[in-house]
There are 4 protein chains.
Amino acid sequence: MNDCSFNFPTAGSKLHPELANHRKEYGMRSKAADKHQAILDAAVKVFARKGFFQSRVSEIAREAGVADGTIYLYFKNKDDLLISIFAVKMQEIICRFRDAIALENDAASRLRCLVRMHLAGFQSYPELAAVFQVELRQSSRFMREYNKEELRQYLDLIGEILEQGRKEGVFRQDISVGLAKRFVFGTLDELVSTWVLAGMQYDLGSMVDPVLNLLLHGMGRN
Amino acid sequence: MNDCSFNFPTAGSKLHPELANHRKEYGMRSKAADKHQAILDAAVKVFARKGFFQSRVSEIAREAGVADGTIYLYFKNKDDLLISIFAVKMQEIICRFRDAIALENDAASRLRCLVRMHLAGFQSYPELAAVFQVELRQSSRFMREYNKEELRQYLDLIGEILEQGRKEGVFRQDISVGLAKRFVFGTLDELVSTWVLAGMQYDLGSMVDPVLNLLLHGMGRN
Amino acid sequence: MNDCSFNFPTAGSKLHPELANHRKEYGMRSKAADKHQAILDAAVKVFARKGFFQSRVSEIAREAGVADGTIYLYFKNKDDLLISIFAVKMQEIICRFRDAIALENDAASRLRCLVRMHLAGFQSYPELAAVFQVELRQSSRFMREYNKEELRQYLDLIGEILEQGRKEGVFRQDISVGLAKRFVFGTLDELVSTWVLAGMQYDLGSMVDPVLNLLLHGMGRN
Amino acid sequence: MNDCSFNFPTAGSKLHPELANHRKEYGMRSKAADKHQAILDAAVKVFARKGFFQSRVSEIAREAGVADGTIYLYFKNKDDLLISIFAVKMQEIICRFRDAIALENDAASRLRCLVRMHLAGFQSYPELAAVFQVELRQSSRFMREYNKEELRQYLDLIGEILEQGRKEGVFRQDISVGLAKRFVFGTLDELVSTWVLAGMQYDLGSMVDPVLNLLLHGMGRN
DNA sequence: TATGAATGAGCCTTCATTCAT
DNA sequence: GATGAATGAAGGCTCATTCAT
């Protein structure tokens with residue numbers, strides 16, 4: 001378990017192998033995929049810096065080193081850019097998390113792994129945190145029209161761990177996995193939101209153990 | 001101490017007597033003050049509904065039942081409208097809080113009163129909460145140019161309670177009131193922010209006692 | 001022939017008795033006439049200072065010490081204000097000039113009197129000069145719709161002097177009064193325009209004799 | 001010396017070869033330069049027709065055959081459009097004048113050339129005359145903020161001729177070139193202004209010889 | 001595929017004019 | 001008559017999006 005695996009994929013990082021199908025979906029060669037990635041990363045930076053509504057498409061283009069029009073070859077419009085940040089980054093996150101979790105065996109270790117990666121990931125990529133926790137929630141398009149498939153997948157990932165824990169007998173049998181996975185996610189999400197709103201001034205990583213204690217205590221067999 | 005006093009002044013509410021000087025400050029008779037108020041309340045609604053950048057001045061005007069141009073008789077521009085929401089509502093809040101707190105005697109009761117009013121107030125006026133916790137923080141004008149005098153006054157109000165508590169011997173003598181008042185405000189502010197970001201789905205009021213416990217435990221003589 | 005008679009009626013000056021019919025025409029008592037006058041004088045000042053299009057009706061009202069709406073009790077609109085400056089001031093000018101000219105006997109003296117008053121008048125009321133020579137010529141309404149009855153009257157006044165001069169034998173018999181009066185006016189008008197455009201930096205009065213020489217030489221019997 | 005060289009560059013005219021650096025300065029290829037030129041020429045027309053304040057940016061756009069927004073790709077704002085007319089047209093004028101003057105040898109011929117081109121140029125492009133002599137002087141932005149570098153260059157061009165004349169012994173040695181060049185320009189400028197204000201009804205060209213007489217007489221060795 | 005010049009819909013703001021008091 | 005708060009039409013300007021090259 002290396003440090004790298006704790007970070008979210010950022011500007012320079014190569015695409016995870018499992019994301020090959022994502023490329024196929026968009027019919028991209030690696031060069032095109034690079035540009036797709038560059039625009040997305042530029043958008044994260046600019047959105048985080050200025051906020052969605054005060055970000056200019058032309059500024060994102062400049063940041064990405066492409067022409068304004070090029071952005072519209074990869075994304076439908078400015079809204080789509082924001083929503084794609086969520087979709088793509090979440091897919092990458094889910095892949096990385098799945099891989100990392102697969103290296104652990106028991107449910108408790110896997111939960112610890114997920115919590116650690118969630119908090120460390122946002123801490124190491126604060127611009128993405130700002131976009132996820134602030135900008136996306138202000139986007140009426142995102143909140144109303146987008147079905148957040150990736151969020152469901154992430155919740156499922158958590159659910160799988162909880163299910164395993166119940167089977168292992170580590171977690172209480174009477175727990176509702178459907179509710180509990182939302183509880184786990186909600187806790188992590190709130191932690192990151194609070195950290196963002198507080199100006200990202202403290203260390204999120206130090207909260208891993210307390211949060212795990214809380215979660216395991218709440219769901220555990222006592 | 002009635003429930004009403006726990007709520008923030010909203011659209012329908014009459015101006016507090018102590019706010020007479022506010023009217024004088026702006027040189028308004030009651031009719032102009034009514035319109036000033038109506039526009040401000042309309043702006044709170046629309047900003048909360050759409051967000052600042054997607055709110056149209058004309059929509060605020062329609063909501064307030066005035067012509068577009070009328071808004072500019074009372075506010076310098078759209079930015080000023082947002083900043084004025086903070087300034088005016090905070091002044092009203094501070095007045096109400098001071099009055100309510102004056103009815104209590106000891107510092108602990110007063111702190112309880114303030115905490116209760118802070119949480120209940122935002123809960124009863126969720127649109128104001130959205131503007132205070134989300135829109136204002138995105139306004140670069142607000143963050144950079146406005147000195148937030150009213151915030152200082154609110155912090156002072158908290159400071160006075162803490163000072164009293166130290167004199168009463170309820171709070172530790174070695175506490176820094178300057179820091180502690182920020183700690184108290186920061187805690188309340190974070191609670192409300194988290195509640196807003198979470199979609200205002202749970203009851204803020206239920207957090208009064210836990211928060212007080214936390215605060216009193218942290219500052220108390222043990 | 002006193003100096004005062006060389007000046008155009010300005011802010012403080014009382015209305016000429018012959019303007020009584022002007023008052024009647026507008027059905028005004030002296031108080032209303034005063035206000036009418038005050039607004040007109042204020043408009044001259046503001047138009048001269050800022051130019052017509054950059055002058056605000058509210059600024060004219062402030063300068064005149066009346067409410068914005070009051071202006072519309074005396075003038076149809078902003079355009080009418082500009083045109084009325086011309087009409088009213090010209091009427092006053094014509095009256096004063098007629099009176100002064102009546103004190104002279106021969107045509108040459110009368111022409112000298114008119115030239116002197118024309119140049120001295122604008123020099124002593126530079127704001128009116130700016131409005132007459134610059135603002136009015138930019139007003140499409142004035143240039144297209146207004147028939148400039150007062151200009152005709154002024155030309156007639158000049159024509160009468162020239163006619164007399166021809167009868168006296170001082171001016172050539174073969175002169176066309178219709179053309180010559182335009183020539184006289186055109187010369188004076190150009191002098192004042194040039195003076196205004198040059199920033200009113202030199203003395204218009206010093207041009208009385210050269211101009212008279214030119215005019216008399218051109219029209220005289222040699 | 002053909003007639004064409006006496007005219008100012010107007011809508012249809014090709015850019016002078018020496019203006020290639022102007023294109024470079026703005027980093028424009030010929031197509032962009034064409035559009036820049038088209039907008040400028042349209043602005044001259046519309047400003048001359050309606051006056052600056054009554055001209056609509058959308059009307060200039062229509063006249064130029066471009067969209068409203070296109071204007072803002074080439075000019076900062078409406079004010080900049082007016083000031084650019086002066087800057088660009090003056091640069092072109094200075095180039096043309098320098099070329100034409102270079103074909104003459106002695107100072108007197110060169111001064112005659114300049115006077116002739118100045119008067120003939122404005123006569124052949126009356127819309128530019130209206131903008132130069134009327135609209136620009138009303139623009140507070142132009143009068144206050146713009147340093148009129150091109151005017152200095154034009155004055156310098158005149159100064160060079162006068163200097164040469166002094167060396168040739170045609171002009172008096174005791175003449176101050178610094179003042180005399182202003183005198184020459186002022187005379188020409190006043191002539192054109194008067195002509196514009198008078199409705200451009202007479203022939204400016206006929207004034208070349210009288211003006212030259214005046215200038216040469218005033219500055220000459222007698 | 002990539003470009004970036006061109007587009008034009010839309011919004012904030014101003015200010016001449018009106019009208020209830 | 002006098003007021004000045006209110007009106008709302010109109011215009012300068014921005015910027016997401018398109019499309020000819």
Can you check the [X] [atom1] to [N] [atom2] distance for me, whole Å?
{"X": "Leu73(B)", "N": "dG8(F)", "atom1": "CG", "atom2": "P", "result": "13 Å"}
{"X": "Ile39(A)", "N": "dT3(E)", "atom1": "CD1", "atom2": "P", "result": "9 Å"}
{"X": "Asp34(A)", "N": "dT1(E)", "atom1": "CG", "atom2": "C1'", "result": "15 Å"}
{"X": "Ile60(D)", "N": "dG8(E)", "atom1": "CD1", "atom2": "P", "result": "17 Å"}
{"X": "Lys50(A)", "N": "dC15(F)", "atom1": "NZ", "atom2": "C1'", "result": "13 Å"}
{"X": "Glu59(C)", "N": "dT14(E)", "atom1": "CD", "atom2": "P", "result": "15 Å"}
{"X": "Tyr74(B)", "N": "dC12(E)", "atom1": "OH", "atom2": "P", "result": "20 Å"}
{"X": "Lys76(C)", "N": "dA16(E)", "atom1": "NZ", "atom2": "P", "result": "17 Å"}

**Request:** Take Asp68(A) and Tyr72(C), find for each the nucleotide of DNA chain E with the closest heavy atom, and name the residue whose nucleotide sits nearer the 5' end.
**Result:** Asp68(A)
**Message:** Pick the closest DNA chain E nucleotide for Lys35(D) and for Val57(B) by heavy atoms, then say which residue is nearer the 5' end.
**Reply:**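 The residue mapped nearer the 5' terminus is Lys35(D).
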Quick one: which of [options] gets closest to the side chain of [X]?
{"X": "Asn77(D)", "options": "dC13(F), dT1(E), dA6(E)", "value": "dC13(F)"}
{"X": "Val66(A)", "options": "dG8(F), dT17(E), dT3(E)", "value": "dT3(E)"}
{"X": "Lys78(C)", "options": "dT17(E), dA2(E), dT3(F)", "value": "dT17(E)"}

Between [X] and [Y], is there a side-chain N and carboxylate O pair less than 4.0 Å apart?
{"X": "Arg49(C)", "Y": "Glu127(C)", "answer": "no"}
{"X": "Lys50(C)", "Y": "Glu135(C)", "answer": "no"}
{"X": "Asp68(A)", "Y": "Arg56(A)", "answer": "no"}
{"X": "Lys45(A)", "Y": "Glu63(A)", "answer": "yes"}

**Asked** Can you tell me if the side-chain N/O atoms of Arg56(C) get under 4.0 Å from OP1 or OP2 in dA16(E)?
**Response**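 Checking dA16(E) against Arg56(C), a side-chain N or O does come within under 4.0 Å of OP1 or OP2.
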**Asked** dT21(E) pairs with which nucleotide, Watson-Crick or G-U wobble, both distances below 3.5 Å?
**Response**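 Partner of dT21(E): dA2(F).
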**Fill in**
On DNA chain F, more 5' by nearest nucleotide between Ser58(D) and Gly69(A) is Ser58(D)
**Prompt:** Any idea how Phe86(C) and Phe132(C) line up, ring-wise: parallel (<30°), tilted (30 to 60°), or perpendicular (>60°)?
**Reply:** tilted
